[in-house]
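Chain naming here is simple, since letters A, B, ... match the order of the sequence lines and numbering starts at 1 in each.
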Number of protein chains: 2
Amino acid sequence: MEGFSIFIVDDHQLFIEGLTALLKANNYTVTGFANSGSALFKVLEQQQPHLLLMDIGMKEMDGVEVSALVKKQYPAIKILIISMHAKRVYLEKLIEAGVEGYLLKSADDEELKLAIRCIAEGSTYFSPQVSDSIFQNMVTRNREPDVMLTPREKGIIKLLAEGMNTKEIADNLNISINTVESHRKNVLLKTGLKNVAHLIKWAFENGHL
Amino acid sequence: MEGFSIFIVDDHQLFIEGLTALLKANNYTVTGFANSGSALFKVLEQQQPHLLLMDIGMKEMDGVEVSALVKKQYPAIKILIISMHAKRVYLEKLIEAGVEGYLLKSADDEELKLAIRCIAEGSTYFSPQVSDSIFQNMVTRNREPDVMLTPREKGIIKLLAEGMNTKEIADNLNISINTVESHRKNVLLKTGLKNVAHLIKWAFENGHL
DNA sequence: CCTGATCTAACGGTTTTCCGGTAGCTATAA
DNA sequence: TTATAGCTACCGGAAAACCGTTAGATCAGG
């Protein structure tokens, strides 16, 4: 494992330091860390580690975008995602981006070492829970072909979540009530959700709020 | 610091092991860990550590309840909360429960060591960001006097979030439509929210979903 | 230039929510 | 034993959401 450099990306300093201590105790080489995407790219200009341990928290969907960008600019760098949860939404995009592995934070250090070994050898590692999720997704994929919301629609969802009714939203955006109803209707149509309450929950779970 | 035992409670095994490695590298004594509240209490019957490092994630509000229970049954055990965010909702209850400290995961190891030292010496440590949040809370406290939902109400909110309407919920719970409407009405009344969409958002932000 | 996506707007009818008030039944705590 | 809290249930009217459908304007990309 000598000569295999690991770099940690996470916005939780404590987790970085814990992970670093853990890896060093197991004779891995940790060459640094970054707290944000921009910090990471600054470092990558100077040095390219072999492996990025990338944490994906709840709030920042951008961990996904960061991964995609890294893969585009530095295809040689391997990426192992360490995430809180096995959300399909993230997974799809991450696999599309070409990450080499996906671990849950509930994994233990044995699984972490296994994942790193797999990736170092040129393979991939996706934790079982996650693989199931992927497979399930493959099967049901056709039903939900990636719902994309327009900016206007996202804006209206935000206002709906604030408790505004159609008229208030119309006033707020200086458009007709009919228009707002059209948007609301379109969103429900394209997402296949039942009503606004359902929509708000969906928006939360899919990073739109 | 010799003779001061630390015990970690977290449902993320990786974080536990990272933290353990970090603490051991700094010559602290880590006597064990637990992945859940129930596991913790089983261990506490056998041994009482001096300090609990308690992680509070997003989903499990129960970290708060666990802390309260520990403090009630083992007042001598100190508790240092390590949390993802500085949510007022959690903070209030944790302080009420009597925890000795509150750290964010964005803290570094220096702050962790400082917090542990403070608590070991009989003092308390609340990270600056959190203290601000507390203070801000003191000022605005009067406006939101702690809305408590009954189990039935929580159940109905969950079903509402699934997109069910009143009739479907009534069927699902085997109660009258009128009853469901009463509950929905009461919830909106006691929370002061505008409609169900607003309610779903509120429920998400306050840990009810 | 044509096409597709987006934003805008409208109408009529049905269903559901929202609001207000009222009220009985049970279990539990003061 | 009173309260008090929680769950249950009902009614009627106003307001809003939901549904299906149509359609003009604009603007970016092939």
Side-chain angles (χ1 to χ4, degrees), chain A residues 93 143-209, chain B residues 61 65 68-69 72 93 96 144-204 206-209:
Chain A
K93 299 189 177 167
R143 256 178 251 154
E144 301 184 45
D146 237 30
V147 178
M148 285 305 288
L149 296 176
T150 68
R152 199 47 148 185
E153 288 166 346
K154 286 182 191 172
I156 285 174
I157 290 177
K158 281 200 180 69
L159 298 181
L160 282 171
E162 295 299 324
M164 290 190 190
N165 61 28
T166 303
K167 183 175 182 313
E168 290 169 328
I169 295 176
D171 291 350
N172 191 289
L173 299 177
N174 276 314
I175 56 180
S176 157
I177 288 181
N178 302 301
T179 306
V180 178
E181 287 203 318
S182 289
H183 285 306
R184 190 161 34 56
K185 199 165 28 179
N186 284 333
V187 171
L188 290 184
L189 198 65
K190 71 164 83 171
T191 55
L193 299 166
K194 291 183 179 176
N195 52 38
V196 172
H198 204 184
L199 173 65
I200 300 304
K201 186 204 174 208
W202 175 87
F204 252 101
E205 290 176 343
N206 289 272
H208 296 295
L209 279 178
Chain B
M61 185 67 174
E65 286 150 34
L69 262 175
K72 190 168 276 181
K93 298 188 179 170
E96 209 171 322
E144 301 185 44
D146 236 30
V147 179
M148 283 307 285
L149 297 177
T150 69
R152 200 47 149 184
E153 287 166 346
K154 286 182 191 174
I156 285 174
I157 291 177
K158 280 199 181 71
L159 297 181
L160 283 171
E162 294 300 324
M164 290 190 191
N165 63 28
T166 303
K167 181 173 183 315
E168 290 168 327
I169 295 176
D171 290 349
N172 191 288
L173 298 177
N174 277 314
I175 55 180
S176 157
I177 290 181
N178 301 301
T179 307
V180 178
E181 288 204 316
S182 289
H183 286 306
R184 191 163 31 54
K185 197 166 32 179
N186 285 334
V187 170
L188 291 183
L189 199 66
K190 71 165 82 170
T191 55
L193 298 165
K194 290 182 179 176
N195 52 38
V196 172
H198 203 186
L199 173 64
I200 301 303
K201 185 202 173 210
W202 174 87
F204 252 102
N206 289 274
H208 296 294
L209 281 177

**Request:** Ignoring backbone atoms, establish whether B:T150 has a side-chain N or O less than 4.0 Å from OP1 or OP2 of D:dA5.
**Result:** no

**Request:** Quick one: list whatever passes side chain to side chain contact (heavy atoms under 4.5 Å, CB included) with B:K154, sequence neighbours left out.
**Result:** B:L149, B:H208

**Asked** What parts of residues 185-193 of chain A reach DNA chain D, counting only heavy atoms under 4.0 Å away?
**Response** A:K185

**Request:** Scan residues 162-175 of chain B against DNA chain D and write down, sorted by residue number, each residue with any heavy atom closer than 4.0 Å; if none is found, say none.
**Result:** B:I175

**Item:** Which atom of B:I169 lies closest to which atom of B:L160, heavy atoms considered
**Value:** CD1-CD2, 3.6 Å

**Message:** Go through it in stages, so that I can follow the logic: the residues are A:I175 and A:R152, the test is side-chain contact (heavy atoms from CB on, under 4.5 Å), and I'd like the CA-CA distance, side-chain angles, deciding distance and then a yes or no.
**Reply:** CA-CA 11 Å; A:I175 56 180; A:R152 199 47 148 185; 3.6 Å; yes

**Message:** Given the structure, check if the side chain of B:S182 and the base of D:dC10 hold any donor-acceptor pair shorter than 3.5 Å.
**Reply:** yes

**Request:** Please list all pairs passing the side chain to side chain donor-acceptor pair (under 3.5 Å) test where one or both residues lie in residues 192-201 of chain A, with sequence neighbours left out.
**Result:** A:K201-B:E162

**Message:** Just the rounded figure in Å: distance from C1' of D:dA5 to CE of B:M148.
**Reply:** 13 Å

**Prompt:** With A:K190, which residues qualify under salt bridge (charged side-chain N to carboxylate O under 4.0 Å, His left out), at least two apart?
**Reply:** A:E153

**Request:** Give a yes/no answer on whether the side chain of B:S176 brings an N or O atom under 4.0 Å of OP1 or OP2 in D:dC10.
**Result:** yes

**Request:** Could you tell me which residues satisfy side chain to side chain contact (heavy atoms under 4.5 Å, CB included) with B:N172, sequence neighbours excluded, listed by chain and number?
**Result:** B:L159, B:M164

List every contact pair, protein side and nucleotides 25-29 of chain D side both N or O, where the distance is under 3.5 Å.
none

**Complete:** At a 4.0 Å cut-off to heavy atoms of chain A, the contacted part of DNA chain C spans C:dT6 to C:dA10

**Spacing of B:E153 atom CD relative to D:dT8 atom P, expressed in whole Å** = 11 Å

**Prompt:** Toward the 5' end of DNA chain D, which comes first, B:R152 or B:E181, by nearest nucleotide?
**Reply:** B:R152

**Message:** Between B:N178 and D:dC10, is there a contact of a side-chain N or O with OP1 or OP2 at under 4.0 Å?
**Reply:** yes

Without placing hydrogens or testing angles, list every side-chain donor-acceptor pair under 3.5 Å for residues 180-188 of chain A, not counting sequence neighbours.
| from | atom 1 | to | atom 2 | distance (Å) |
| --- | --- | --- | --- | --- |
| A:S182 | OG | A:N178 | O | 3.1 |
| A:R184 | NH2 | A:T166 | OG1 | 2.8 |
| A:N186 | ND2 | A:S182 | O | 3.2 |

**Message:** Quick check on the helix from C:dC1-D:dG30 to C:dA30-D:dT1: what's the angle between its two end axes, five base pairs per end, to the nearest 10°?
**Reply:** 50°

**Close side-chain approach of B:I156 to B:L173, heavy-atom, < 4.5 Å** = yes

